[in-house]
Colleague: 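What follows is a structure written as structure tokens; I'll ask about it next.
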Amino acid sequence: MTATALQALIFDVDGTLADTESAHRAAFNQAFAELDMDWHWDDALYTELLGISGGKERIQHYWRQAHPDIKALNGQAIQDTIDRIHALKTAAYEKAVQMGAVALRPGVLKLIESAFTDGLRLAIATTTSPVNIAALLRRAIGPDWRTHFAAIGDASTAPLKKPHPQVYQQMLTALQLPAGACLAFEDSSNGLRAATAAGIATVVTPNSFTAHHDFSGALRVVPDLQQVPLAQLRLWHRAPVAH
Ligand code: XBP
Ligand code: MG
């Protein structure tokens, strides 16, 4: 039985708030094409590459895998190229989201609004870039989307990417709450490991890219948040039974 009452919900973004990875993959491929690179990430390869959190880290990992001769190049030239690819990718992704390419997953908006109305504090703990969060939530919630979130942790605040717990630890500090007063929502094993390493009980909603991941240690694994009202979350939080 958890002694601390539930006071905050901490949401991952990609794959949790919305099924974004197909749009991310398309944006990566668009950036490669814009730079006349003979790279193309299909679904199967991208599913594998999602084992690496962070777009820039994913590009570097693939570059090393696909072109071992990368070692001969100087580090700065590599980083400059990765930064350029990622900047083009982020611009393409932001545009796609603004055009409606991505929608919130079932039950997410209802939970955000009922939790906010009920006085729970909301936070975001993601690996992605701030511009991607803004594009998604501005379209899904509206221009005042930020007022719903007491704290936001992302690539600009947490350079140590999931499964490192840094971004979740930052949110606990920002919320000034113990891990026991929070619940996290994730879609991937990297995300689950990051949240649980920060001591936060985690509800997992897998998606087509992460259904094969190991979710041992999750508080609950559910197909989506549609059938998960706030009252149910409070019950799970009060009586945690690890999955
Ligand atoms: C998942 C990620 C991100 C995205 C791409 O983020 O690993 O890197 O795949 O976004 P989350 P960037 O923690 O929200 O699940 O290219 O901006 O990194
Ligand atoms: Mg995710």
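Note that these values count all heavy atoms, side chains included, but never hydrogens, waters or copies made by symmetry. Start at 1 and go down the list; that is how both ligands and their atoms are numbered. Sequential numbering from 1 along the given sequence is applied to the chain's residues.
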Colleague: Do you know the tightest heavy-atom contact between Gly191 and Tyr168?
Modeller: O-CE1, 4.1 Å
Colleague: So which bit of Phe209 gets within less than 4.0 Å of ligand 1, heavy atoms only: side chain, backbone, both or neither?
Modeller: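 For Phe209, there is no contact with ligand 1 at all, from either part.
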Colleague: Taking only non-hydrogen atoms of Ala155, do any sit less than 4.0 angstrom from ligand 1?
Modeller: no
Colleague: Check if Gly54 has a non-hydrogen atom at a distance under 4.0 Å from any atom of ligand 1.
Modeller: yes
Colleague: For ligand 1, which part of Lys56 has a heavy atom less than 4.0 Å away: the side chain, the backbone, both, or neither?
Modeller: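 For Lys56, there is no contact with ligand 1 at all, from either part.
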Colleague: Using the Mg ion (ligand 2) as the apex, give the angle to atoms O (Asp14) and OD2 (Asp12), rounded to 10 degrees.
Modeller: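 Approximately 90° at the metal, rounded to tens of degrees.
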Colleague: Hey, is Asp12 touching ligand 1 through its side chain, its backbone, both or neither, going by heavy atoms under 4.0 Å?
Modeller: side chain
Colleague: Identify, for atom 14 (O) of ligand 1, the protein heavy atom at the shortest distance, and state residue, atom and that distance.
Modeller: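 So the nearest neighbour among protein heavy atoms is Thr126 OG1, 2.5 Å.
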Colleague: So, does Phe11 sit close enough to ligand 1 that a heavy atom of it is under 4.0 Å from the ligand?
Modeller: no
Colleague: For atom 18 (O) of ligand 1, what is the nearest protein heavy atom, given as residue, atom name and distance?
Modeller: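 Result: Gly55 N, 2.7 Å.
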Colleague: Looking at ligand 1, does Glu57 have a heavy atom less than 4.0 Å from it?
Modeller: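 In this structure, Glu57 fails to qualify as a contact of ligand 1 - no heavy atom is under 4.0 Å.
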Colleague: When you measure from atom 10 (O) of ligand 1 to every protein heavy atom, which one gives the shortest distance, and what is it?
Modeller: Thr128 OG1, 3.0 Å
Colleague: If we only consider heavy atoms of Gly15, is any one of them less than 4.0 Å away from an atom in ligand 1?
Modeller: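 Heavy atoms of Gly15 never come under 4.0 Å of ligand 1.
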Colleague: Give me the residue, atom name and distance of the protein heavy atom closest to atom 6 (O) of ligand 1.
Modeller: Asp14 OD2, 3.1 Å
Colleague: Does Lys161 come within less than 4.0 angstrom of ligand 1, counting non-hydrogen atoms of the residue?
Modeller: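 Heavy atoms of Lys161 never come under 4.0 Å of ligand 1.
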Colleague: Quick one: sort the Phe28 and Tyr46 rings into parallel, tilted or perpendicular, breaks at 30° and 60°.
Modeller: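 Rings of Phe28 and Tyr46: tilted, as their planes differ by 30° to 60°.
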Colleague: For a distance under 2.8 Å, tell me if Asp187 has an N/O/S atom near the Mg ion (ligand 2).
Modeller: yes
Colleague: Salt bridge between Lys162 and Asp14, side-chain N to carboxylate O under 4.0 Å?
Modeller: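 No.
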Colleague: Is it the side chain (CB and beyond), the backbone, both or neither of Thr16 that lies under 4.0 Å from ligand 1, heavy atoms counted?
Modeller: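 Near ligand 1, Thr16 shows nothing, with every heavy atom at 4.0 Å or more.
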Colleague: Should the pair Asp187-Arg105 be classified as a salt bridge under the 4.0 Å nitrogen-to-oxygen rule?
Modeller: no
Colleague: Looking only at protein heavy atoms, identify the closest one to atom 2 (C) of ligand 1 and say how far it is in Å.
Modeller: Arg58 NH2, 3.4 Å
Colleague: Under 4.0 Å, heavy-atom basis, I'd like to know which part of His86 is in contact with ligand 1: side chain, backbone, both or neither.
Modeller: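 It is the side chain that gets close, since no backbone atom is under 4.0 Å.
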Colleague: Is the centre of the Phe32 ring less than 6.0 Å from the centre of the Trp41 ring?
Modeller: yes
